[in-house]
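Structure first, commentary second.
Along the sequence shown, residues are numbered consecutively beginning with 1. All heavy atoms count here, side chains included; hydrogens, waters and symmetry mates do not.
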Amino acid sequence: MVDGGEDGIDEAALLGVIRNSRRGPMKPKAVARALDLPTQKYRALKARLAELAQSGRLYRVKGGRYAVPERISLVTGRVSLIRRGDGFVRSEESGDEVFVPQRDLDSALDGDRVVVRVESHPPGRKPVGRVIRILTRERDAIVAVFHEGRRAAFAVPRDPRVKNDLVIPPGDEGEAVEGDVVRVRITGYGPRGRGPVGEVIEVLGRLGDPGVDVLSVVHEHGLPAVFPPGIESEARRIVESGGRPAPMEGREDLRALRALTIDPASAKDHDDALSLERLDGGRTRVGIHIADVSWYVRPDSLLDREARARGTSVYLVDRVVPMLPHTLSSDLCSLLPGEDRFTISLFVEVDRNGTVESHRFTRSLIRSRHRLAYEDVQAVLDEEGSVDADTDLDLRDLARVARTLRTARTARGALDFDLPESRVHLDDEGRPISIEVVQRLEAHEIVEDFMLLANEIVAGAGEARGLPVLYRVHEAPTSERSGQLAELLARFGYTLPSRSRVDAKALRRVLDAVAGRPEERLVSTMVLRSMQRARYSAENLGHFGLALETYAHFTSPIRRYPDLVTHRAIVRTLIDGERPDAGAFEELDDVAAHASLREEIATSAERDSVEMKKIEFMEEHLGDLFDGTISGVKAFGAFVQLDEILVDGLVHVSALDDDYYEFREADYALVGRRSGRQIRLGDRVRVRVARVDREERHLDFVLIASGNEVV
């Protein structure tokens, strides 16, 4: 047998023996015989088996025997709770999800790593399971609103997915008083179905105080609010030294290029810049210059370990929780105008039809000429504004090349979800004063087109050379979701060629057909919801949404750790000409899983911070009327999204007082028993804001008119 690890036991071989056992779970002695282990390693084997069982990679059954979880209908993974309190657990082995009803979660909370026993396989639906063991807790504290009870205090979790209140025993209230937003350290979980017991460890403020809501989001999602002193010190030392020794060794001086950045007006971290050179025969050389974060953040340094732990920057409604300290992310690494900055440059030569003829990578030094907002660029393209003559011409030519790239991407079936987004504007104290639907401009598409191109080229190079890069993978919709989507689309008169499996081109045709129609937003949302979640992987599984066989993230190393990992591989091999770092491959699976988890947490935190401000904004509109669209129908009511501000709320079935309504799942409708009136998915409606509950993060609407009644 091949030795592996300090104890000389090859873990992959050990797991393989147990996984392939024909006689079921194995005792340690049987494993030792199968691995041909000498007697003196038997104790080490038992310790390794116990360690693997503790981590959830093996499961110990009766009689001291061990099995791989999936062989005995067990699934190991993290819990993702949904608003009604149920959960899903994605298998770490297969990636498949198991549905776990709230009553069968035991005391598991969102993010906890658990073992689930699969108990049933309903036809056409996900397997259903029960949590039988909690391996690790994601958090030991919960943000909640403190209340003084008659017998004991309690705290109501701010996270609507956590359904049980927290019991606060006498003496553990700290400084909290009625209505305070607090952090509660969990001291016990109690029996199944009972709420956790805890003690107040911090008072964040009053529920209605400015900024407390977003601060609670930071703590709810376990975001690191500050950097440890050692991290800040290391960043300052790098800045004060002006970088590493001999910075121009092997680096091209590209300061003569007219490079420019295009970002939101409020952006402070500028990862990427573009330049353009005109060649003979209508050809163009586009320079895609990415901040060389890898020059400053060296593997296994304090900065690197902190960046890896954070995984990504988090952009909340009123603040940024950065992956790197601001001295790097907003200054030394950021491609600020007029400042010399280290970059990794990818030069791509394309013909007049947008076909890539060649590309090359180089470590470089650039000096951005302009920091442009998307609106500045759009004004130039619309001939309503100007930067200067040379820059204006560059922008128009970049737009021309980008259009050819976009056309080619659309032709191969890539999906482009042009869904509107809203931006909440706050006053100086953090109170919402308006909600604006953000327009998607061609200027946004220009940047996106070149970043997609760079990521595609990098991924292809990584695949061809066998480099230790993290792929950005997006698998095709499952047959279950494909069937559900086909049924939904049929409701609007659109068909898919197959209900069991769809391809990107078929979905692309649906999106093209619905463009400009009243149902465009809803249909696009339905298609998006049918997709599996994109994630990071050490294995290249392709990207369904982009219709690409290979894709990776490369263009945002200031704010995404996987990009930094890929930078190091590109620099080492494609620029410095060295062999790939063999040690880098060993950690890729763990880095991919952790980065995917941190991305999910960031996305959830960003969404929650915006939704909280939207709900606060709606407090000023109690009783007001709005037009909207029914975006979902359940037995308990209909969800409505308001047109102009993209705020979501519920028309509860109890508020429909003109009839008794029954839920017809096949029709995605609530139907009145007496009148036959239908309230259906996609219907246009007019609603009145009836209730705004900031503590529960909930909006209730009353239906005023629907369908043809809406003028």
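Between Arg535 and Glu475 a salt bridge is recorded (basic side-chain N to carboxylate O distance below 4.0 Å). Taking a cutoff of 4.0 Å between a charged side-chain nitrogen and a carboxylate oxygen, Arg367 and Asp253 do not qualify as a salt bridge. Look at Asp449 and Arg409 and you find a salt bridge, because one of the NZ, NE, NH1 or NH2 atoms lies within 4.0 Å of a carboxylate O, short of that distance. In summary, Asp416 and Arg440 engage in a salt bridge, as defined by a charged side-chain N under 4.0 Å from a carboxylate O. The pair Arg251-Asp292 meets the salt-bridge criterion, since a charged nitrogen lies less than 4.0 angstrom from a carboxylate oxygen. Asp340 has a carboxylate O that lies under 4.0 Å from a charged side-chain N of Arg255, or vice versa, which qualifies the two as a salt bridge.
Other residues, nucleotides and ligands contribute only 12 or fewer heavy atoms inside 6.0 Å of the CZ atom of Arg371. Summarising the local packing, CD of Glu549 is surrounded by 12 or fewer heavy atoms from other residues, nucleotides or ligands at distances under 6.0 Å. The number of heavy atoms from other shown groups lying within 6.0 Å of CD (Glu421) does not exceed 12. Around atom CZ of Arg57, no more than 12 heavy atoms belonging to other residues, nucleotides or ligands sit under 6.0 Å away.
In this structure, the side chains of Tyr536 and Val591 stay at 4.5 Å or more apart for every pair of heavy atoms. The side-chain heavy atoms of Asp304 and Arg298, taken from C-beta on, include no pair separated by under 4.5 Å. Within the 4.5 Å cutoff, the side chain of Leu316 has heavy atoms near those of the Val321 side chain. Taking the side chain as every heavy atom from C-beta outward, Val114 and Arg78 never approach each other to under 4.5 Å. A 4.5 Å side-chain heavy-atom check between Leu395 and Leu260 finds at least one atom pair inside the cut-off. Counting heavy atoms from C-beta outward, Glu600 and Arg533 have side chains that approach closer than 4.5 Å. Side-chain contact between Arg559 and Pro322 is absent, with no heavy-atom pair separated by less than 4.5 Å. When side chains are defined from C-beta on, Val115 does not count as touching Val131, because their heavy atoms never get closer than 4.5 Å.
Checking each of Asp271, Ile446, Leu274 against Met451 for a side-chain contact (heavy atoms from CB on, under 4.5 Å) leaves exactly one that passes, namely Leu274. For the side-chain contact (heavy atoms from CB on, under 4.5 Å) with Gln378, the qualifying choice from His444, Glu442, Gln439 is Glu442, the only one to do so.
Taking CG from Leu335 and OG1 from Thr261, the interatomic distance works out to 7.0 Å, rounded to the nearest 0.5 Å. Remark: Ser334 OG to Asp269 CG distance equals 6.0 Å, nearest 0.5 Å. To the nearest 0.5 Å, the span separating CD1 on Ile558 from CG on Leu564 amounts to 11.0 Å. Residue Ser364 holds its OG atom at 13.5 Å from CZ of Arg341, rounded to the nearest 0.5 Å. Distance CG/Leu511 to CG/Leu528: 9.5 Å, rounded to 0.5 Å. Atoms CG and CG, from Leu276 and Leu398 in turn, are 4.5 Å apart once rounded to the nearest 0.5 Å.
Put simply, the side chain of Arg113 never gets that close to the backbone of Arg137: no donor and acceptor are under 3.5 Å apart. Here the side chain of Asp576 pairs no donor or acceptor atom with the backbone of Glu578 at under 3.5 angstrom. Using a distance-only test at 3.5 Å, with no hydrogens or angles considered, no donor-acceptor pair links the side chain of Glu357 to the main chain of Val350. Counting only distance, with no hydrogens or angles, the side chain of Asp112 and the backbone of Glu138 share a donor-acceptor pair below 3.5 Å. The backbone N or O of Asp96 sits nowhere less than 3.5 Å from a side-chain atom of Ser91 that would complete a donor-acceptor pair. Between the side chain of Ser609 and the main chain of Val317, a donor-acceptor pair closer than 3.5 Å is present. Put simply, the side chain of Arg508 never gets that close to the backbone of Gly413: no donor and acceptor are under 3.5 Å apart. Panel note: side chain His289, backbone Ile344; no donor-acceptor pair is recorded below 3.5 Å.
Inspection of the Thr362 and Ser345 side chains reveals no N or O donor paired with an N or O acceptor under 3.5 Å. A donor-acceptor contact closer than 3.5 angstrom is absent between the side chains of His553 and Thr566. A side-chain N or O of Tyr551 and one of Asn455 form a donor-acceptor pair less than 3.5 Å apart. Side-chain atoms of Arg236 and Ser233 include a donor-acceptor pair closer than 3.5 Å. Asp608 and His221 share a side-chain donor-acceptor pair at under 3.5 Å. With 3.5 Å as the limit, one finds no donor-acceptor pair spanning the side chains of Glu599 and Thr312.
Minimum interatomic distance between Val217 and Ala605 (heavy atoms only, all atoms of both residues): CG1-O, 3.5 Å. Among all heavy-atom pairs drawn from Leu324 and Phe227, the shortest one is C-CZ, 3.3 Å. Contact record, Ala547 with Ala504: CB-CB, 4.5 Å, taken as the closest heavy-atom pair. Of all heavy-atom pairs spanning Leu467 and Pro580, the tightest one is CD2-CG, 3.9 Å. When every heavy atom of Arg598 is checked against every heavy atom of Arg310, the shortest pair comes out as NE-O, 3.3 Å. Gly230 and Leu302 get closest at one heavy-atom pair: O-CD1, 4.2 Å.
Ring geometry for Phe342 versus Tyr296: interplanar angle under 30°, hence parallel rather than tilted (30 to 60°).
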- Criterion salt bridge (charged side-chain N to carboxylate O under 4.0 Å, His left out) on Glu252 and Arg360, from CA distance to verdict: CA-CA 13 Å; Glu252 288 189 43; Arg360 74 178 182 93; 2.7 Å; yes
- Between Leu485 and Val527, is a side chain to side chain contact (heavy atoms under 4.5 Å, CB included) present by the stated rule, with each step listed? CA-CA 7 Å; Leu485 177 62; Val527 173; 4.2 Å; yes
- Take Met531 and Leu415, measure what side chain to side chain contact (heavy atoms under 4.5 Å, CB included) needs, and give me the verdict at the end. CA-CA 11 Å; Met531 300 287 100; Leu415 304 178; 4.1 Å; yes
- Task: For the pair Ile238 and Thr327, evaluate side chain to side chain contact (heavy atoms under 4.5 Å, CB included) and give the outcome as yes or no after the intermediate values.
- Result: CA-CA 9 Å; Ile238 292 174; Thr327 48; over 6 Å; no
- Item | Derivation and outcome, side chain to side chain contact (heavy atoms under 4.5 Å, CB included), residues Met612 and Arg158 | CA-CA 11 Å; Met612 292 173 83; Arg158 294 280 287 149; 2.7 Å; yes
- CA sep, side-chain torsions, deciding dist, call: Glu277, Arg258, salt bridge (charged side-chain N to carboxylate O under 4.0 Å, His left out): CA-CA 9 Å; Glu277 300 167 86; Arg258 288 194 301 272; over 6 Å; no
- Item | Steps toward ring pair (Phe, Tyr, Trp, His ring centres under 6.0 Å) verdict (His567, Phe554) | CA-CA 7 Å; His567 271 234; Phe554 168 78; 4.4 Å; yes
